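In what follows, a structure is listed as structure tokens, so that the remarks can point back to it.
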Amino acid sequence: MPELPEVETIRQNLRRGGANSPAILGWTIESAHVLWARTLAVPDVDEFEKRLPGQQVIEIDRRGKFLVFELSQDALLIHLRMSGDLMVEEGSEPRSTHCRMAIEFTNGQRLVFIDARKFGRVWLTAERDLILSGLGPEPLDETFRSQDLYHRLHAHRRRLKPLLLDQAFLAGLGNIYADEALHLARLHPLMLSNQVSAVQAERLWWAIRTVIEEGIRRNGASIDWVYRGGDFQNYFRVYQRTGQPCRECGEVIQRIVVGQRSAHFCPNCQQL
DNA sequence: CACGAGACCTGTTCGC
DNA sequence: TGCGAACAGGTCTCGT
């Protein structure tokens with residue numbers, strides 16, 4: 001479910017506190033409980049539950065779609081994949097049905113990892129860079145320039161949509177924001193990356209950053225039964241708007257399947 | 001190297 | 001109403 005803007009929203013809520021959840025910076029872990037073993041990428045459940053108690057939450061960062069909790073000894077990395085979510089609740093509350101992992105703090109609060117589809121993964125490691133090293137550039141980083149994007153596009157001969165979803169190419173985009181960015185940039189999802197001109201690359205660079213920034217400003221998108229409080233879904237240009245008129249030209253939005261994922265686009269604004 | 005298919009999972013919605 | 005199919009914000013691995 002979560003792409004960069006949703007993950008960033010969660011990070012900010014955990015770091016600074018949100019509407020009805022406190023900031024967890026500085027809290028000390030009392031115990032950890034893994035309820036679905038495969039949630040843990042590394043280490044095994046025994047070591048995970050043994051190593052966490054006593055560690056303090058120093059900082060919360062984000063890299064692509066990974067949440068990175070800097071603890072006193074280790075780094076705790078969490079990837080929400082399709083249906084994962086994190087929330088802070090009273091330690092006395094009954095455990096929710098889809099709770100896969102819970103971290104109890106010495107102040108009686110707990111951080112829970114809720115994940116209906118069980119795709120989410122958690123790493124506890126002292127070597128966080130090993131796990132994050134394969135990721136492409138951070139789209140909002142000031143060192144990421146449009147010329148970088150142009151060169152990266154020309155280093156491949158791939159269709160734009162699957163390429164934008166490739167986290168080694170660029171970190172953080174998912175199905176929503178890739179479709180939105182391509183529409184804003186007026187580029188067809190099937191266009192080949194090495195056919196993109198410098199001007200088009202500049203437009204795509206700007207579009208990617210624009211949709212991500214807007215997503216963050218709106219606290220992410222809330223869709224279906226997964227709700228996180230954001231309202232970016234009310235401003236989608238193409239995503240899940242199949243059959244509805246393009247907000248730019250009125251043409252009917254189309255849905256095609258590319259790389260096993262749905263791609264939404266305007267046949268008029270985004271021509272091959 | 002690029003791409004498609006299948007796997008991993010559960011829940012909701014759609015079509016007959 | 002019921003029931004199976006299709007679909008869902010992600011990523012990995014394998015075969016061509």
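So you know, we letter chains A, B, ... as the sequences are listed, proteins then strands, and number each from 1. On a predicted model such as this, the values are computed, not experimentally measured, just so you know.
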In whole angstrom, what separates [X]'s [atom1] from [N]'s [atom2]?
X: A:R255; N: C:dA8; atom1: CZ; atom2: C1'; result: 10 Å
X: A:I114; N: C:dG9; atom1: CD1; atom2: P; result: 21 Å
X: A:D115; N: C:dG9; atom1: CG; atom2: P; result: 15 Å
X: A:Q240; N: C:dA6; atom1: CD; atom2: P; result: 18 Å
X: A:N219; N: C:dG9; atom1: CG; atom2: P; result: 21 Å
X: A:M82; N: B:dC8; atom1: CE; atom2: P; result: 16 Å
X: A:L164; N: C:dT11; atom1: CG; atom2: P; result: 13 Å
X: A:F236; N: C:dA8; atom1: CZ; atom2: C1'; result: 12 Å

From [options], nucleotide with atom closest to [X] side chain:
X: A:R100; options: B:dT10, B:dC8, C:dT11; answer: B:dT10
X: A:H79; options: C:dT11, B:dC8, B:dT10; answer: C:dT11
X: A:K118; options: C:dG10, C:dA8, B:dC9; answer: B:dC9
X: A:H98; options: C:dA8, C:dT11, B:dG11; answer: B:dG11
X: A:A116; options: B:dG11, C:dT11, C:dA8; answer: B:dG11

Task: Validation row: A:E138, A:R63 side chains within 4.5 angstrom (heavy atoms) - done: yes

Just N and O in the side chain of [X]: are any of them under 4.0 Å from OP1 or OP2 of [N]?
X: A:Q167; N: C:dT11; value: yes
X: A:K65; N: C:dG10; value: yes
X: A:S262; N: C:dA8; value: yes
X: A:R81; N: C:dC12; value: no
X: A:R121; N: C:dT11; value: no

TODO: Report yes or no: is the ring centroid of A:F119 under 5.5 Å from the six-membered base ring centroid of C:dT11, with the two planes under 30 degrees?
DONE: no

Parallel, tilted or perpendicular, judged at 30° and 60°: which one describes the rings of [X] and [Y]?
X: A:H264; Y: A:Y239; result: perpendicular
X: A:F105; Y: A:W27; result: perpendicular
X: A:F232; Y: A:F236; result: perpendicular

Task: Evaluation steps, side chain to side chain contact (heavy atoms under 4.5 Å, CB included), between A:L76 and A:V68 - done: CA-CA 6 Å; A:L76 180 72; A:V68 181; over 6 Å; no

Distance between [atom1] atoms of [N] and [M] (Å, rounded):
N: C:dA6; M: B:dA5; atom1: P; answer: 14 Å
N: B:dC9; M: C:dC3; atom1: P; answer: 26 Å
N: C:dT1; M: B:dG11; atom1: P; answer: 23 Å

Protein and nucleotides 2-6 of chain B: nitrogen or oxygen contacts under 3.5 angstrom:
residue	atom	partner	partner atom	Å
B:dA2	OP1	A:R157	N	3.0
B:dA2	OP2	A:H156	ND1	3.4
B:dC3	OP1	A:R159	N	3.4
B:dC3	OP1	A:R159	NE	3.4
B:dC3	OP2	A:R158	NE	3.4
B:dG4	OP1	A:R159	NH1	3.2
B:dG4	OP1	A:R159	NH2	3.4
B:dG4	OP2	A:R159	NH2	2.8
B:dA5	OP2	A:Q260	OE1	3.3
B:dA5	N7	A:Q260	NE2	2.8
B:dG6	N7	A:Q260	NE2	3.3

Task: Range-with-range stems for DNA chain B, at least three Watson-Crick or G-U pairs under 3.5 Å - done: B:2-8 with C:10-16, B:10-16 with C:2-8

TODO: Verify the cluster assignment for A:V122 and A:V45: are they in a single hydrophobic cluster under the rule of side-chain heavy atoms below 4.5 Å apart?
DONE: yes

Open item on the list: By the 4.0 Å heavy-atom rule, please label A:Y177 as base, sugar-phosphate, or nothing.
Closed with: nothing

Task: side-chain hydrogen bond (donor to acceptor under 3.5 Å, both in side chains) between A:D115 and A:S83, intermediate numbers included - done: CA-CA 5 Å; A:D115 185 22; A:S83 59; 2.6 Å; yes

Task: side-chain hydrogen bond (donor to acceptor under 3.5 Å, both in side chains) evaluation trace for A:Y177 with A:E214 - done: CA-CA 10 Å; A:Y177 294 89; A:E214 185 181 357; over 6 Å; no

Task: Nearest non-hydrogen partners of A:R11 and A:D61, listed with the distance - done: CD-C, 3.5 Å

Task: Nearest heavy-atom neighbours spanning A:E30 and A:P53 - done: O-CB, 3.3 Å

Task: Any donor-acceptor N/O pair, A:R241 side chain to A:R237 backbone, under 3.5 Å - done: yes

